[in-house]
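Heads up, the thing below is written out as structure tokens.
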Amino acid sequence: MEDFNTQIKALLAIFDEKEPIKQDGTFSPEAVKETALAMADYIVDEKESLPAFKDWMESHEFWTSPASTRFHGNVKGGLAAHSLLVAAQALRFAIPFAENFALSKQAGKFSFTAEDVFISGIAHDFCKAGTYATESRKTKDFNGNWKYEPFYKTKSDVRNLGHGNESVLLLLDSMPHLLKNRTVIEAISRHMGFSDLAPMETYNYSNFLQNPLVLLIQLADQSAAAWWDL
């Protein structure tokens, strides 16, 4: 537990020192990228996969994509900022969360590391990278004059096996060693809760909630979007 706490605090120290995201939800895309990569350099244990992980984010427009078309982070670079904020939120909650879980009847069935928390937060929305196109629509300004306004729209040729599941597949593309890390896979796959499940998947959904990392990433994701609009 001591190593876990030390690593969590070290990751948060990197985030807090660089201040990539302000309290009002504004962010610096350059600082977001620099911070996320610095945190990855510190915590990713599988150093052979790290370059592929970084290359994937670079080549799939992770740093420039929006986080949504209109709900939160719907600006250039919003996906990276949202993902980093989710990782930071999860890290802030992680220590008391883990301590509380250790008191439960499920303690001993699951464990997670600081790296698991960071990777799950950063990669939970990998499926959104490169999936939006910029288009323009004709609208009126406050003077009643017509103007063209850009907006994001999901590309028509996007193929997606489900929000969480697609993100898992994309993460495994660069970090195949995580295939055996079911704790992380479940956290990413089920981070949307019931809203991203097929009818048949809802029957055993409660079993996934026994995994504390599932709940931790859900809480981090929702708080990032609701409290920062990011």
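Values below: every heavy atom of this structure, side chains too, minus hydrogens, waters and symmetry copies.
- The closest side-chain heavy-atom distance from Phe118 to Tyr42 is not below 4.5 Å.
- Between the CG atom in Asn165 and the CZ atom in Arg190 there is a gap of 5.5 Å [rounded to 0.5 Å].
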Query - Worked verdict on Leu216 versus Phe93 for side-chain contact (heavy atoms from CB on, under 4.5 Å) - result: CA-CA 7 Å; Leu216 180 59; Phe93 300 146; 3.6 Å; yes
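- You'll find the side chain of Met57 reaches within 4.5 Å of the side chain of Phe126, heavy atoms only.
- Looking only at side-chain heavy atoms (C-beta outward), Ser189 and Phe208 stay at 4.5 Å or farther from each other.
- Listed here is the closest heavy atom pair of Ala90 and Ala220: N-CB, 3.5 Å.
- Here the side chains of Met175 and Glu46 are not in contact, with every heavy-atom distance at 4.5 Å or above.
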Query raised in the report: Step by step, would you call Ile217 with Ile188 a side-chain contact (heavy atoms from CB on, under 4.5 Å)?
Result: CA-CA 8 Å; Ile217 298 303; Ile188 296 174; over 6 Å; no
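- Between Glu58 and Lys33, at least one side-chain nitrogen of the basic residue sits less than 4.0 Å from a carboxylate oxygen of the acidic one, meeting the salt-bridge criterion.
- Tracing side-chain contacts under 4.5 Å through hydrophobic residues (I, L, V, M, F, W, Y), one never reaches Phe110 starting from Val117; they form parts of separate clusters.
- Taking each heavy atom of Ala129 and Trp56 in turn, the nearest pair found is CB-CH2, 3.9 Å.
- Considering every non-hydrogen atom in both Ala123 and Ser167, the closest pair reads O-CB, 3.6 Å.
- When the side chains of ILVMFWY residues are joined at heavy-atom separations under 4.5 Å, either directly or via intervening members, Phe4 and Ile43 end up in a single hydrophobic cluster.
- Of the inter-residue distances, the one linking Leu12 atom CG with Gln7 atom CD reads 12.0 Å to the nearest 0.5 angstrom.
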Query raised in the report: Passes side chain to side chain donor-acceptor pair (under 3.5 Å), Asp116 versus Thr113? Steps please.
Result: CA-CA 5 Å; Asp116 292 340; Thr113 66; 3.3 Å; yes
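- Of the possible polar contacts, one joining the Lys128 side chain to the Ala67 backbone as a donor-acceptor pair under 3.5 Å is found.
- Leu172 and Leu178 make their closest contact through CD2-C, 3.7 Å (heavy atoms, listed as atom of the first residue, atom of the second, distance).
- The structure places CG of Leu85 at 4.5 Å from CD1 of Ile21, a figure rounded to the nearest 0.5 Å.
- Between atom CD of residue Gln89 and atom CH2 of residue Trp228 there is a gap of 4.0 Å, rounded to the nearest 0.5 Å.
- At least one donor-acceptor pair under 3.5 Å links the side chain of Lys47 to the backbone N or O of Val44.
- Applying the side-chain contact (heavy atoms from CB on, under 4.5 Å) test between Phe101 and each of Lys109, Gln106, Gln210 identifies Gln106 as the sole match.
- In this structure, Lys105 places its NZ atom where only 12 or fewer heavy-atom neighbours from other residues, nucleotides or ligands lie under 6.0 Å away.
- In this structure, the separation between CD1 on Ile185 and CD1 on Ile119 is 12.5 Å, given to the nearest 0.5 Å.
- Between Asp221 and His82, the closest side-chain pair of non-hydrogen atoms falls below 4.5 Å.
- Between Leu84 and Pro20, the shortest heavy-atom distance links the atoms CD2-CG, 3.7 Å.
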Query - Audit row: Glu61, Leu79, side-chain contact (heavy atoms from CB on, under 4.5 Å) steps and yes/no - result: CA-CA 9 Å; Glu61 302 175 33; Leu79 173 59; over 6 Å; no
Report task. Assess whether side-chain contact (heavy atoms from CB on, under 4.5 Å) is satisfied between Leu91 and Met39, documenting all intermediate values. Result -> CA-CA 12 Å; Leu91 290 165; Met39 293 169 77; 3.7 Å; yes
Query raised in the report: What's the verdict on salt bridge (Lys or Arg N to Asp or Glu O under 4.0 Å) for Arg182 and Glu186, showing C-alpha distance, side-chain angles and the deciding distance?
Result: CA-CA 6 Å; Arg182 192 173 181 89; Glu186 290 182 359; 2.7 Å; yes
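- In this structure, the side chains of His163 and Cys127 come closer than 4.5 Å at one or more pairs of heavy atoms.
- Scored by the salt bridge (Lys or Arg N to Asp or Glu O under 4.0 Å) test, Glu115 finds no partners at all (sequence neighbours excluded).
- Taking hydrophobic clusters as Ile, Leu, Val, Met, Phe, Trp and Tyr residues chained together by side-chain heavy-atom distances below 4.5 Å, Val86 does not share a cluster with Phe112.
- Side-chain atoms of Leu37 and Trp63, non-hydrogen and from C-beta on, do get closer than 4.5 Å to each other.
- Here Gln218 contributes atom CD and Leu209 contributes atom CG; the two are 6.0 Å apart, rounded to the nearest 0.5 Å.
- Between Leu213 and Val184, some side-chain heavy-atom pair lies under the 4.5 Å cut-off.
- Residue Lys76 comes nearest to Phe27 through the heavy atom pair O-CZ, 3.8 Å, listed as atom of the first residue, atom of the second, then distance.
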Query raised in the report: What do the steps show when you test Glu19 against Lys22 for salt bridge (Lys or Arg N to Asp or Glu O under 4.0 Å), and what is the final call?
Result: CA-CA 7 Å; Glu19 295 186 314; Lys22 306 299 182 185; 3.7 Å; yes
